[in-house]
Protein chains: 2
Amino acid sequence: MRTVKLELGPDSYDILIGRDLLAQAERISALLPQPRAAIVTNTTVATLYLQPLVDALTARGVDVLPIVLPDGEQYKTWETLNLIFDALLGARAERKTTLIALGGGVVGDMTGFAAAVYQRGVPFIQIPTTLLAQVDSSVGGKTAINHPLGKNMIGSFYQPQLVLADLATLDTLPPREFSAGMAEIIKYGLIDDLAFFEWLEANIDALMARDVAALTYAVERSCQNKARIVGEDEKEQGVRALLNLGHTFGHAIETGMGYGVWLHGEGVAAGMVLAAHASRLLGQISDADLQRITGLIRAAGLPVQAPDFGYERYAELMAQDKKVDAGKIKFILMQKLGQSYIGTLTPDIVRGALQAGCSADAVASSLA
Amino acid sequence: MRTVKLELGPDSYDILIGRDLLAQAERISALLPQPRAAIVTNTTVATLYLQPLVDALTARGVDVLPIVLPDGEQYKTWETLNLIFDALLGARAERKTTLIALGGGVVGDMTGFAAAVYQRGVPFIQIPTTLLAQVDSSVGGKTAINHPLGKNMIGSFYQPQLVLADLATLDTLPPREFSAGMAEIIKYGLIDDLAFFEWLEANIDALMARDVAALTYAVERSCQNKARIVGEDEKEQGVRALLNLGHTFGHAIETGMGYGVWLHGEGVAAGMVLAAHASRLLGQISDADLQRITGLIRAAGLPVQAPDFGYERYAELMAQDKKVDAGKIKFILMQKLGQSYIGTLTPDIVRGALQAGCSADAVASSLA
């Protein structure tokens, strides 16, 4: 097992990475301030991992309330969140009752937000079961639900007590979901870790074959990158915005297509390619760099072309981005391969990037 | 003008108390990180104070978005909160756009919660226009909405940048609302300020006549008491729970009667009397003390008898209280007159207090 520490003073916590950690329920029960917990999951994950976890915790004397939500980004709404509150209040969950998120990014984001606001805040633990959640969304305390006008518009910064990433849960992950997680892994290479980008180029086949050693390394290095950046800037006053590489375009794609049509990681993949096109138009990366980026993203089974909504629609969707300041959209761009920065773009460059990176035939996944 | 400082390290802020502060819009505009603000208010307050504030801010170059909600505790719901999000997103409000709460406790609690979670947190300012909001709910950063199963069950601790209490807004406050605010003022005397309790006994007639000097003193001393307690324990790990004197019974009354039937302050008043009955049954305060407490509450135009739901229903309603720990309800009780503590009660004492303090004829207000 590998441990990555996220240093945030009194809110610091461990990210545990390894196989079969789910069976080690004492790692969870040891952290509970009272022997009560609610496990929030979705219908898909519940059939695979809920009962063993309930049994393991129950065996340690924990009173467990399972809460099973519908599966999909389209359910990342207030209505679904309210199902959590209804269940918690119905069972008289208290301020010391811990919420455990068992699932992917949607379950983690919603459970974290529920924990942030139920009775003004209760403890929570992340057990991410998708690659995307293990390398990105379960780490760093961003929680949210979507609003019809924008993704993740309602939420909190609220840190978990523990992240427990059981790599064995990836064995059952569908290929399209696995690829979606790869998008966030590639993102860390492009933000400021060229050596990791090059390692990914060299090991992409092993990763896609889910080789245990390669996967362990990729998840650990991703979490190290994320923990370092979040540790510097928890509330996204500065450098943390770099983690949004590909996300301004990506959120526009997700919202524009309708939540759940493109997976989050797929939107981020096509969004990173658009950011690369913009950076190339600015003369900051070369054609060869662009080819390496699209090559790696394609090899990870991800889309390298975005849907062709047209400039006006993209501009409208991106105007709702949380990084907008005084009407100016902030983009994460590439200064060179493996080094990103926070900048702005003229409409001409955005148009050019969209022309180069959109296609009427774009589909979310090469496997879709 | 009087200034009370709430000391919370980097989250410290001023509470300004005086007449005609609303006209001093530069106190607000000076704090805005961008010249944009949304003013959240309700239909009643809007007709009285919205336009002058909009005009004063606009004259200082602030782009103002007014958001007018329906008036009443029964609207302290997710549905109403969503009206704020819809308006903010429709107007492309950004992370640096400030939310200004202009109104009573319901407006302040909902606006504060909206500010806590819109784009994971935006700045906000409290302009309380009711006595209750000026002495209690606008100070200390508790924000929330109600759930059908319990009051204030969904919310955040989220501090404002400024509280601006314009005592002139109390001129238009209906008598029943004024009395509701008196309940929270009396509460501070009972928590740990016997001198203030005795001052209130001596000055209740002047206060009820809304004498400016008396009112200024009462609001300032209440805010000093609250600021001291919140400064010691922002997240209610300990002493802050004392501020809930009368609230465990009071919330049960509010929820049990249906939100909006009894005003919050009325529930708290009858709840404090029930807490006093329980304390007398425990032999901690005398009959004479009880008479002084009920006398002052009655003189403030507040109910001294609670509705008679019966023990079982009270127990059920109170079991949802946020102070419940391992199934045990925590009550705020009186050790002696002017000194409260956090304790528990046996069912017998609760029954006895309800028998003494409930009436089938209880009405919310002596003026209702």
Side-chain angles (χ1 to χ4, degrees), chain A residues 33-36 63 77-79 81-82 84-97 112-114 116-122 141-150 152-158 234-237 241 316 318-330, chain B residues 33-36 63 77-79 81-82 84-97 113-114 116-122 141-158 234-237 241 316 318-330:
Chain A
Q34 70 176 195
R36 290 187 75 191
D63 177 16
T77 60
W78 173 262
E79 287 72 24
L81 192 71
N82 228 357
I84 304 178
F85 298 140
D86 292 345
L88 292 174
L89 282 164
R92 295 187 174 162
E94 302 174 359
R95 272 193 178 158
K96 290 183 180 170
T97 303
F113 187 43
V117 301
Y118 179 69
Q119 299 204 1
R120 298 198 184 96
V122 297
K142 276 196 181 178
T143 75
I145 55 173
N146 298 330
H147 184 281
L149 291 177
N152 293 339
M153 279 294 155
I154 316 296
S156 288
F157 290 98
Y158 195 72
E234 181 187 5
K235 299 283 178 71
E236 197 166 313
Q237 309 293 308
E316 182 184 44
M318 293 191 298
Q320 291 295 3
D321 192 83
K322 290 189 291 299
K323 292 182 298 301
V324 171
D325 185 5
K328 282 290 227 182
I329 302 171
K330 288 191 189 156
Chain B
Q34 70 175 196
R36 291 187 75 192
D63 178 15
T77 60
W78 173 262
E79 288 71 26
L81 191 72
N82 228 357
I84 303 177
F85 299 139
D86 291 346
L88 293 174
L89 283 163
R92 294 187 175 162
E94 302 173 359
R95 273 194 179 159
K96 291 183 180 170
T97 303
F113 187 44
V117 301
Y118 180 68
Q119 299 204 1
R120 298 198 185 96
V122 298
K142 276 197 182 177
T143 75
I145 55 174
N146 297 331
H147 184 282
L149 291 178
K151 198 173 143 71
N152 294 337
M153 279 294 156
I154 316 295
S156 289
F157 290 98
Y158 196 71
E234 181 187 6
K235 299 281 177 72
E236 197 167 312
Q237 308 294 308
E316 181 184 45
M318 293 192 297
Q320 291 294 3
D321 191 83
K322 290 190 291 301
K323 293 183 297 304
V324 171
D325 185 4
K328 280 290 227 182
I329 303 170
K330 288 192 190 156

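The sequence lines fix the lettering, A, B, ..., with proteins before strands; numbering per chain opens at 1.
Listed options A:Ala114, A:Gly155, A:Pro148 were ranked by heavy-atom pairs under 4.5 angstrom with chain B; first place goes to A:Gly155. The choice from B:Lys323, B:Arg36, B:Lys142 that makes the most heavy-atom pairs within less than 4.5 Å of chain A is B:Lys142. Between chain A and the options B:Phe113, B:Tyr118, B:Trp78, the largest number of non-hydrogen pairs under 4.5 Å is found for B:Trp78. Options A:Thr97, A:Asp321, A:Ile154, A:Asn152 differ in how many heavy-atom pairs under 4.5 Å they form with chain B, and the most are formed by A:Ile154.
Only the backbone of B:Thr143 comes within less than 4.5 Å of a heavy atom of chain A; no side-chain atom from C-beta onward does. Looking at A:Gln34, the atoms closer than 4.5 Å to chain B (heavy atoms on both sides) all sit in the side chain, from C-beta outward. For B:Ile145, the part lying near chain A is the side chain, with the backbone staying farther off; criterion is any non-hydrogen pair under 4.5 Å. For B:Tyr158, no part sits under 4.5 Å from any heavy atom of chain A, backbone or side chain. Only the side chain of B:Lys96 comes within less than 4.5 Å of a heavy atom of chain A; its backbone N, CA, C and O stay farther away. With a 4.5 Å cut-off on non-hydrogen atoms, B:Glu316 touches chain A through its backbone and its side chain both. Looking at B:Ala319, the atoms closer than 4.5 Å to chain A (heavy atoms on both sides) sit in the backbone and in the side chain alike.
Heavy-atom minimum distance, A:Gln320 versus B:Arg92: NE2-CG, 3.9 Å. Across all their heavy atoms, B:His147 and A:Asp86 have their closest contact at NE2-OD1, 2.7 Å. Heavy atoms only, all atoms of each residue included: B:Ser156 and A:Val117 are closest at OG-CG1, 3.9 Å.
Rounding to the nearest 0.5 Å gives a distance of 6.0 Å between CD of A:Glu94 and CG of B:Asp325.
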* **Stepwise salt bridge (Lys or Arg N to Asp or Glu O under 4.0 Å) check, B:Arg120 with A:Glu236** => CA-CA 10 Å; B:Arg120 298 198 185 96; A:Glu236 197 166 313; 5.6 Å; no
